[in-house]
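Let me begin by presenting the structure, written as structure tokens, before commenting on it.
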Amino acid sequence: MSRFLPDNFTLMLVATVVLASFFPVSGVAAGYFGLATKVAIGLLFFLHGARLSRDVVIAGFLHWKLHLTILAATFVLFPIFGLAAGVLVPTILPPAFYTGILFLCVLPSTVQSSIAFTSIAGGNVPAAICSASASNIFGMFLTPLLAGVLFSASGHAGFSLDALQSILLQLLAPFILGQVLQPWIGDFIRSKKKILMPVDRGSILMVVYLAFSESVNEGLWKTMSLRDLGVVIAVNIVLLALVLLTTMYGSRWLGFSKEDEIAITFCGSKKSLASGVPIATVIFAGQNIGSIVLPLMLFHQIQLMACAVIAQRYADARKKQASEALVQSARDKKAATSAAG
């Protein structure tokens, strides 16, 4: 039952949205808070760069077929499904939330949860580490570029060369600096994971609070209905189900091993909240960011619940297979003994 309950970070996100709904920051205070948020985001991506081992980056090129499959699911399959969802606009899906769905579809994969679920299911963990990390690195380039292509194709505005420049300065530059310093500070950063976790989560919560404060000040909750919220949740569920089925059965069709199939399924179906929220504030600066990141926040929890069930089923199937193998081995040994006697 606990696998269906929101994790602590999701509860903190909900609390942050509620806080912004009743006590939104505005005026001069919003300006100072926005500056502090940019500093926190820069620190977040610096830590991402400092944590990522060079060995992981190098190893990522070895199993290229698997990594290309995961990247294709993340940056090709998702956008195709996102564009297909455009048929629901505007009769079923409000345009503002469709922008959020499109943005969700061009984001990189998660790192921590992709690796964790791959491990639980008994998949190729080293490959998951490499692919999830590579997805986030490429995402800093591909996400803004794909956003521009998809929004142009669907008739939406929201991307410019200025946004790309901001991405490079606010996100990529700190990441590269962290990578440069990684040989000297990487081990220390990785050893202090629990101490530095508040920096990761705190920066995301700051961005969410600022984004929803701006949206609430612009009348977000006055224009959004429970029906709209239900539609967004339904679209997220269908989107995730389509990607999960495609990656799972597609990897089998391509001839991957069971361990690789698990890595492809979990890494190829995830979308990163940690990267998505900061990137949204840069790409959609000056727009109603709350309605754009809301689909991502909902998708975050849906993917955790769905993948927890799938990972456990993979693990149960592996245990059952191992148990049957032991039983068969015992039978073969007994039969061999009887034949010898």
Sub-3.5 Å donor-acceptor pair from the side chain of S109 to the main-chain atoms of A132, do we have one?
-> no
The single option from L83, N236, I292 passing side chain to side chain contact (heavy atoms under 4.5 Å, CB included) against I101 = N236
Would you name the heavy atoms of P108 and T143 that are closest together and state the gap between them?
-> CD-OG1, 3.5 Å
In Å, rounded to the nearest 0.5 Å, how long is the span from NZ of K38 to CE of M206?
-> 12.5 Å
Indicate yes or no for a side-chain donor-acceptor contact from Y98 to the backbone of P90 under 3.5 Å, with no hydrogens or angles considered.
-> no
If we ignore angles and hydrogens, is there a donor and acceptor under 3.5 Å between the side chains of S26 and N217?
-> no
Evaluation steps, side chain to side chain contact (heavy atoms under 4.5 Å, CB included), between V238 and F81 | CA-CA 10 Å; V238 172; F81 287 146; over 6 Å; no
Test item: L210 and E214 side chains (from C-beta on) under 4.5 Å apart, heavy atoms = yes
So does R252 have more than 12 non-hydrogen atoms from other groups sitting under 6.0 Å from CZ?
-> yes
Decide whether F33 and V216 are clustered together by the hydrophobic rule: side chain heavy atoms of Ile, Leu, Val, Met, Phe, Trp, Tyr closer than 4.5 Å, transitively.
-> no
Considering all heavy atoms, the nearest V235-L88 contact | CG2-CD1, 3.8 Å
Using a 4.5 Å cut-off on heavy atoms from C-beta on, say whether the side chain of I279 contacts that of F103.
-> yes
Quick one: CG on L47 to CD1 on I185, what's the gap to the nearest 0.5 Å?
-> 8.0 Å
Can you check whether S113 reaches F266 side chain to side chain, under 4.5 Å on heavy atoms?
-> no
Nearest 0.5 Å, what's the CG-CZ distance between L229 and F97?
-> 7.0 Å
Measure the CG-CG distance between L240 and L104 for me, rounded to the nearest 0.5 Å.
-> 9.5 Å
Test item: S191 side-chain N/O and F188 main-chain N/O as donor-acceptor pair under 3.5 Å = yes
F256 ring centre to K65 NZ or CZ under 6.0 Å, with the angle to the axis within 45°?
-> yes
Going by heavy atoms in the side chains, are V106 and L142 under 4.5 Å from each other?
-> no
Rounding to 0.5 Å, atoms CZ (F23) and OG (S213) come to a distance of 11.5 Å
Grab the two heavy atoms, one from I310 and one from M248, that are nearest each other, plus how far apart they are.
-> CG2-CE, 4.2 Å
Spacing of L254 atom CG and E261 atom CD [to the nearest 0.5 Å] | 11.0 Å
Mind checking whether L102 and I237 sit in one hydrophobic cluster, side chains of I, L, V, M, F, W, Y counted as touching below 4.5 Å?
-> yes
Side chain Q179, main chain A50, donor-acceptor under 3.5 Å | no
Check step by step if side chain to side chain contact (heavy atoms under 4.5 Å, CB included) holds for L13 and V17.
-> CA-CA 6 Å; L13 284 171; V17 172; 5.6 Å; no
Between F138 and F78, is there a shared hydrophobic cluster once you connect ILVMFWY residues whose side-chain heavy atoms come closer than 4.5 Å?
-> yes
Taking the side chain as every heavy atom from C-beta outward, state whether I115 and C267 have any atom pair closer than 4.5 Å.
-> no
Answer yes if the side chains of S269 and T247 hold a donor-acceptor pair under 3.5 Å, and no otherwise.
-> no
Please walk me through it: do Y314 and T265 pass side chain to side chain contact (heavy atoms under 4.5 Å, CB included)?
-> CA-CA 11 Å; Y314 268 122; T265 299; 3.9 Å; yes
Close side-chain approach of F212 and L294, heavy atoms under 4.5 Å = yes
Where do S251 and I264 come nearest, in terms of heavy atoms and distance?
-> CB-CD1, 3.8 Å
Please tell me if the side chains of L66 and S131 come closer than 4.5 Å, counting only heavy atoms from C-beta onward.
-> yes
Any donor-acceptor pair under 3.5 Å from K258 side chain to G123 backbone | no
Residues L71 and S135: closest non-hydrogen pair is CD2-CA, 3.9 Å
Answer yes or no: is there a side-chain heavy-atom contact under 4.5 Å between T110 and L273?
-> no
Would you please test L298 and V232 for side chain to side chain contact (heavy atoms under 4.5 Å, CB included) and show each step?
-> CA-CA 8 Å; L298 294 171; V232 173; 3.8 Å; yes
Looking only at heavy atoms, the pair that brings L296 and V277 closest together is CD2-N, 4.1 Å
